[in-house]
**Student:** 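Here it is, the structure, as structure tokens.
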Amino acid sequence: MAPHGKEFSEVVKKIILALHKDGLGYKKIAKTLKLSCSTVAKTIQRFNRTGSTQNRPRHGRPKKLSACAQRHIQRLSLGNRRMSAASIAAEVEGVGGQPVSAQTIRRTLHQIGLHGCCPRRKPLLKMMHKKARKQFAEDKQTKDMDYWNDVMWSDETKINLFGADGVKRVWRQPGEEYKDKCVLPTVKHGGGSVMVWGCMSAAGTGELQFIEGTMNANMYCDILKQSMIPSLRRLGRTAVFQHDNDPKHTSKTTTALLKKLRVKVMDWPSMYPDLNPIEHLWGILKRKVEECKVSNIHQLCDVVMEEWKRTPVATCEALVNSMPKRVKAVLENDGGHTKY
């Protein structure tokens, strides 16, 4: 339903009828009273039809917030995306003096297309990071799939015994908050987890190695010699190794080893997890492991290794095939965050 226009007083309506009775047309009346022709016509037609100038009763309660107040709410929410509905309500009441509920604020925001959502978790990007990301994307935007297919991607991750650390939701009815199927079990000290190092390429998954204790540069070099080199050699002589800028990855010990082994290493900017396809492979692996319902660390290790080896080559190939799109997304966002 279209919003109602401004209502005129009964005095103005009677003047319109009097002028019309004197023989003036719609245009002359509108020009004399500085009104639109449609307003004059509707007033006269309503009187001829009903014998009265009174408007019909309006349906429903009028809006509590004026158009000006709604724009103020929009400015507040867009200016501070983390501002709660209750805080906006207090701000609006402080400015206009009109009490308004948080639910009214939510409805108003919904009407203009703003909805409360869980924010995506992304690394903090400073201007230097954005410039480096954009420069990397510009350098790689002309690379074809032959280049990306020769890259061996690597990373470390933690896999929890009792599921991922992310937000979870359940479907439940009122009163079911404490049913076993509707609660998320927790264990003291987290229940345990394992750290793993792995690598992948378009040809499939490479070696996976469990990490015991805190990994330093010497331990990382052992992993490179035992697990990375065999996986890299299977890709051929044109293979390129990728790892991020973790201190143990860029240490003198690691750099010297890679140079000694004549490994081609891809230059990689800081804060670039969204361009590494293995990050998505970790997510797939963790969901598969969580479905297995393991109960101890030994079972967890067995399931992780089994699911890693069962990863289809097509999955790895599809992730690597997305590299041109990932590079394009970084350029489109001027080095900022992407959906990946």
Side-chain angles (χ1 to χ4, degrees), residues 1-9 38-39 42 54-127 129-130 133 160 162-186 190 271 273-274 279-280 282-284 286-287 290 325-326 329-330 332-340:
M1 180 186 294
H4 290 286
K6 181 180 177 181
E7 286 191 20
F8 295 100
S9 65
S38 61
T39 299
K42 288 178 180 178
Q54 295 287 337
N55 289 331
R56 289 177 298 174
R58 294 188 174 182
H59 299 286
R61 186 175 63 180
K63 289 185 177 181
K64 188 169 187 177
L65 295 172
S66 64
C68 180
Q70 292 179 24
R71 289 193 298 271
H72 182 52
I73 291 170
Q74 183 175 4
R75 284 194 300 271
L76 289 173
S77 59
L78 293 178
N80 183 0
R81 298 297 184 114
R82 292 182 174 85
M83 196 172 186
S84 66
S87 299
I88 296 176
E91 180 77 15
V92 172
E93 183 175 351
V95 173
Q98 182 183 20
V100 59
S101 68
Q103 185 58 37
T104 299
I105 299 297
R106 295 188 192 98
R107 283 197 298 267
T108 303
L109 293 175
H110 292 170
Q111 289 170 3
I112 60 177
L114 293 174
H115 301 272
C117 304
C118 294
R120 299 286 189 268
R121 293 185 177 274
K122 292 285 187 178
L124 176 63
L125 295 181
K126 298 180 180 179
M127 186 55 64
H129 299 139
K130 292 183 179 181
R133 285 164 57 89
N160 294 326
F162 289 100
D165 296 326
V167 176
K168 295 185 179 294
R169 298 178 182 273
V170 295
W171 296 106
R172 72 186 186 199
Q173 296 176 340
E176 293 186 333
E177 293 88 340
Y178 301 107
K179 282 194 173 183
D180 290 343
K181 293 182 178 180
C182 298
V183 299
L184 184 63
T186 60
M271 301 298 180
D274 52 347
E279 295 286 353
H280 290 78
W282 290 139
I284 295 171
K286 290 175 183 179
R287 288 191 291 273
E290 191 173 353
K325 294 181 180 179
R326 293 170 188 250
V330 173
E332 289 176 347
N333 291 312
D334 203 26
H337 295 300
T338 69
K339 68 177 183 178
Y340 295 99

**Student:** Per the salt bridge (Lys or Arg N to Asp or Glu O under 4.0 Å) rule, which among Arg326, Arg133, Lys339, Lys325 passes with Asp274?
**Tutor:**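 For Asp274, the salt bridge (Lys or Arg N to Asp or Glu O under 4.0 Å) test succeeds with only one of Arg326, Arg133, Lys339, Lys325, which is Arg133.
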**Student:** Just wondering, are more than 12 heavy atoms of other shown residues or ligands nearer than 6.0 Å to NZ in Lys122?
**Tutor:**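 Yes, because the 6.0 Å sphere around NZ of Lys122 holds more than 12 heavy atoms from other groups.
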**Student:** How many angstroms lie between CG in Leu114 and CD in Gln74, if you round to the nearest 0.5 Å?
**Tutor:** 6.5 Å
**Student:** Between OG of Ser77 and CD of Glu91, what distance do you get to the nearest 0.5 Å?
**Tutor:**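 Spacing of OG (Ser77) from CD (Glu91) equals 12.0 Å.
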**Student:** Any chance you could lay out the side chain to side chain contact (heavy atoms under 4.5 Å, CB included) test for His280 and Tyr340, step after step, and finish with the verdict?
**Tutor:** CA-CA 8 Å; His280 290 78; Tyr340 295 99; 4.1 Å; yes
**Student:** So, taking the atom named CZ in Arg75 and the one named CG in Asn80, what distance separates them when rounded to the nearest 0.5 Å?
**Tutor:** 14.5 Å
**Student:** Starting from the C-alpha separation in whole Å, work towards a yes-or-no answer on side chain to side chain contact (heavy atoms under 4.5 Å, CB included) for Thr108 and Ile88.
**Tutor:** CA-CA 11 Å; Thr108 303; Ile88 296 176; over 6 Å; no
**Student:** Might you point out which heavy atoms bring Ala85 and Ala102 nearest each other, and give the distance in Å?
**Tutor:** CB-O, 3.7 Å
**Student:** Whether the Gln103 and Arg106 side chains hold a donor-acceptor pair (N or O, under 3.5 Å, no angle test) is what I'd like checked.
**Tutor:** yes
**Student:** Rounded to the nearest 0.5 Å, what's the gap from CG on Leu65 to CD1 on Ile105? Could you check?
**Tutor:** 6.0 Å
**Student:** From Lys286 NZ over to Asn160 CG, what is the distance, rounded to the nearest 0.5 angstrom?
**Tutor:**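 Here the interatomic distance stands at 7.5 Å.
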**Student:** Are Ile73 and Ile112 packed together at the side-chain level, in the sense that at least one heavy-atom pair is separated by less than 4.5 angstrom?
**Tutor:** no
